[in-house]
Amino acid sequence: MYQLNGQALRFTQGRNYLKPIHNAEIEEILMMTGRQVEKSTTESIKIANNVLLRSFSRSLYVAPMNEQVKTFSRSRLDKLFRYSQDDIIRKRYMSADLVNQVFHKEFTNGAEIYLRNCFEEADNIRGLSIDDIFIDEIQDIVVDALPVIMETQTRSKNKHRIYTGTPKTFSNTIQQQWDKSSQADWVIRCLACGKHQVMGVDSVQPHAYVCRNPRCKKPIPDIVRAMGRWEHRHPNRKLKGFRITQMMVPDIAPNEIYDKIENYPLIRLKNEVLGESYEKADKPFTKSFMLEITDTAFSMLTRVTNTAFANTPTFLGVDWGEGEKNGEAGTGYTIMVVGAYNAEGKFQILYSKRFEKGKDLDPDYQINQLYRIADAFRCKFIVADYGAGVKENKRIFKRFGATRFAQCQYVGQQKVKVNYNPLEFKFLIERSDWMTDFIDFCNDGNLRLFGKDDEGMLDVFYDNFTAIYSEYRKASNGLAERLFYGHDITQPDDAFHATLYAWFASKMYRNGAFVPKAAGGNKGKESIFKSVKANAY
């Protein structure tokens, strides 16, 4: 039916990601996109389809600025209607006695299109009676105007809404809508290594798109980019959110993206290329998300005996800190976290304790508490951070040995994701990779917090997790951006890391007791990553 730039408009190879947006009968859609990813074309087609397929339908297009409305009306809609195949639209659907203006268009089947601008106030939209609403550049529309726009659909019995835009900051209108949506990303599968992934900045090389797996990095063919699937983080939500990046568009070459990665300011790269919000930093966890993963019916346990977890392997994570001295916080707090997998396969936090001040700061007291916790919960494997508690770790190791205890040290970059040094009973793990994996694990709904406790630990989890931010910084080679995680100096993140260590302990134990010398003949000079991998993966 339609033509675009003189060519028949079809889903050419590589645009499969747009098909569900066009074909599915979805009542409410959000497209959070980078720039130049054909969102305006998509909107114009959806509006035009209403005209052709639904007699007496009434569509409303809204953009922030009047000039944007005029451009969309003339350059998008008018051209679709003027240059249809065999001029069929003008012959069958348009007439000289009907309105065909910039802000209002009528058609012979009774269908109508209204076009309005709305930045802060929506007074010029009041009084319209609409079936379908299309809000473009929603990031520039004040959120208080949205209820006024939605009110136009009050009497419609077949209503649909589509919001599109490019994100800006985390407090922006589009981000608020995204937080309420199903939050779908386009997932592809590398043919070489089989890794399922969402393309990002590390998917781009000067002359090719490549696998994000650092141990693969094989080229991603165009057909693989096309043959992905939408994965919704919250599939049951009514508002279906789709994030569309420039890496998904078939006719945007990798060298174009790579040049932007090298030259764009980070905020522009995140917004216009990746379709992601950005301020000073990203927040992997929000308070609303923490509430979602909290099991309000589950109370923090004091021991595992006679509970549903009595015969389930439990794991203890420890993040050492100095607590409060003389009324001032030191380098974080010592926090211990016990976790286990529940019947649904979710990692449930069973118990947690923070050592804040007074006797809590006595190393002997902390170690005795750790022994008590490990015995009460029959912990199969214990992982503690290598930093502030080196001396304590040696004492703990003497009691539990290498089959039940290990230190864990974050490192910046190494060839493998995890190494084990048996001489120091210590894991060396790549910080960004493991933090990313754990954050993804949590965001996929696999972590559960207790909902009731007598020590205020739930608030500690909320504060510590939401304190974390992520941002892209230049990698050591200076050529590409690398994900970095940090936290505000006034907001500790100890509960997050203690939980990560407990989860990491479960990964190392997953298929049975971890035997650090399983590789045989290892004197601490070689990596036993393969034996760890057998247990963890």
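These numbers come from the heavy atoms of this one structure, side chains and all, not from hydrogens, waters or symmetry mates.
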| query | Do Tyr163 and Leu239 come close enough that some side-chain heavy atom pair is under 4.5 Å? | reply | yes
| Whether Glu27 side chain and Lys238 backbone form a donor-acceptor pair below 3.5 Å | no
| said: For Cys379, is there any backbone N or O sitting under 3.5 Å from a side-chain donor or acceptor partner on Arg404? | reply: yes
| query | Okay, side chain of Thr334, backbone of Gly321: is any donor-acceptor separation there less than 3.5 Å? | reply | yes
| Aromatic ring pairing Phe425/Phe405, orientation class (parallel under 30°, perpendicular over 60°, tilted between) | tilted
| message | If only side-chain N and O atoms count, and only distance matters, is there a donor-acceptor pair under 3.5 Å linking Gln177 with Gln175? | response | no
| said: Determine whether Thr302 and Tyr351 satisfy the following criterion, side-chain contact (heavy atoms from CB on, under 4.5 Å), listing intermediate values before the conclusion. | reply: CA-CA 7 Å; Thr302 56; Tyr351 173 86; 5.6 Å; no
| Can you tell if the side chain of Leu500 reaches within under 4.5 Å of the side chain of Tyr410, non-hydrogen atoms only? | yes
| said: If I compare all heavy atoms of Gly445 with all of Arg448, which pair ends up nearest, and what's the gap? | reply: O-NH1, 3.1 Å
| request: I would like to know whether Glu392 and Gln366 meet side-chain contact (heavy atoms from CB on, under 4.5 Å); could you show each step before the answer? | output: CA-CA 9 Å; Glu392 288 76 12; Gln366 293 185 2; 5.6 Å; no
| query | Taking atom NZ of Lys217 and atom SG of Cys193, what is their separation to the nearest 0.5 Å? | reply | 10.5 Å
| field | Beyond-backbone contact of Met227 with Asn16, side-chain heavy atoms, under 4.5 angstrom | value | yes
| More than 12 heavy atoms of other groups within 6.0 Å of Asp364 CG | yes
| said: Looking at Asp375 and Arg399, is any side-chain nitrogen of the basic one under 4.0 Å from a carboxylate oxygen of the acidic one? | reply: yes
| note | Note: Met247 and Val201 closest approach over all heavy atoms is CE-N, 4.2 Å
| query | Can you name the nearest heavy-atom pair linking Ser203 to Met199, along with the distance? | reply | OG-CA, 3.4 Å
| query | Can you tell if the side chain of Tyr462 reaches within under 4.5 Å of the side chain of Thr294, non-hydrogen atoms only? | reply | yes
| Between Phe450 and Phe461, ring centroids under 6.0 Å | yes
| request: Given side-chain contact (heavy atoms from CB on, under 4.5 Å), test Glu276 with Arg243 step by step and report yes or no. | output: CA-CA 8 Å; Glu276 297 178 1; Arg243 189 196 308 277; 3.4 Å; yes
| field | Side-chain donor or acceptor of Asp319 paired with backbone N/O of Ile335 under 3.5 Å | value | no
| Counting only heavy atoms not in Asp454, do more than 12 fall under 6.0 Å of its CG? | no
| said: Below 30° counts as parallel, above 60° as perpendicular, anything between as tilted: where do the rings of Tyr17 and Trp230 land? | reply: perpendicular
| CA sep, side-chain torsions, deciding dist, call: Gln139, Glu137, side chain to side chain donor-acceptor pair (under 3.5 Å) | CA-CA 5 Å; Gln139 75 278 0; Glu137 306 293 358; 2.5 Å; yes
| said: Let's go through Gln183 and Met32 carefully: what are the C-alpha distance in whole Å and the side-chain angles of both, what is the deciding distance for side-chain contact (heavy atoms from CB on, under 4.5 Å) to 0.1 Å, and is it a yes or a no? | reply: CA-CA 9 Å; Gln183 299 178 12; Met32 190 158 84; over 6 Å; no
| Rounded to the nearest 0.5 Å, what separation is found between the CG atom of Asp463 and the CG atom of Leu458? | 9.5 Å
| request: State, to 0.1 Å, how close Ile174 and Pro167 come at their nearest heavy-atom pair, and which atoms those are. | output: CG2-CA, 3.6 Å
| query | Got a donor-acceptor contact below 3.5 angstrom from the Trp186 side chain to the Arg225 backbone? | reply | yes
| Do Arg237 and Glu292 meet the salt-bridge criterion of a basic N to acidic O distance under 4.0 Å? | yes
| Once the angle between the rings of His497 and Tyr501 is folded into 0 to 90°, is it parallel (under 30°), tilted (30 to 60°) or perpendicular (over 60°)? | tilted
| request: Evaluate the side-chain proximity of Ile244 to Ile21: yes if any heavy-atom separation is below 4.5 Å, no if none is. | output: yes
| message | Quick check: do Asn446 and Phe347 have side-chain heavy atoms less than 4.5 Å from each other? | response | no
| request: Mark yes or no for whether Lys240, through its side chain, and Pro235, through its backbone, hold a donor-acceptor pair below 3.5 Å. | output: yes
| Is there side-chain contact between Ile162 and Ile26, with heavy atoms separated by less than 4.5 Å? | no
| query | Any chance CG of Asn23 has more than 12 other-residue heavy atoms, nucleotides or ligands included, within less than 6.0 Å? | reply | yes
| How far apart are the closest heavy atoms of Ile429 and Cys408, and which atoms are they? | CD1-SG, 3.4 Å
| message | Donor-acceptor pair, distance only, cut-off 3.5 Å: does the side chain of Asn464 make one with the backbone of Phe496? | response | no
| query | Measuring from His232:NE2 to Asp185:CG, what's the distance to the nearest 0.5 Å? | reply | 10.0 Å
| query | Under 4.0 Å between a Lys/Arg side-chain N and an Asp/Glu carboxylate O for Asp459 and Arg354? | reply | no
| query | What distance do Gln176 atom CD and Ser277 atom OG have between them, rounded to the nearest 0.5 Å? | reply | 10.0 Å
| query | With a 3.5 Å cut-off and no angle check, do the side chains of Lys426 and Gln409 form a donor-acceptor pair? | reply | yes
| note | Residues Phe285 and Cys442: closest non-hydrogen pair is CE2-CB, 3.7 Å
| request: Please tell me if the side chains of His160 and Glu25 come closer than 4.5 Å, counting only heavy atoms from C-beta onward. | output: yes
| query | Is the backbone of Asp385 close enough, under 3.5 Å, to the side chain of Asn393 for a donor and an acceptor to pair up by distance? | reply | yes
| task | Calculate, to the nearest 0.5 Å, the distance between atoms CD1 and CD1 belonging to Ile133 and Ile149 respectively. | result | 7.0 Å
| request: Drop me the distance from Ser352's OG to Leu316's CG, to the nearest 0.5 angstrom. | output: 9.5 Å
| message | If the condition is side chain to side chain donor-acceptor pair (under 3.5 Å), which residues does Thr166 pass it with, not counting sequence neighbours? | response | none
| message | For the backbone of Asn213 and the side chain of Lys195, can you confirm whether one donor and one acceptor N or O come within less than 3.5 Å of each other? | response | no
| In terms of heavy-atom contacts, does CZ of Arg189 have more than 12 from other residues, nucleotides or ligands at under 6.0 Å? | yes
| query | Any donor-acceptor pair under 3.5 Å linking the side chain of Gln197 with the backbone of Arg212? | reply | yes
| Centroid-centroid distance, Phe465 to Phe289, less than 6.0 Å | no
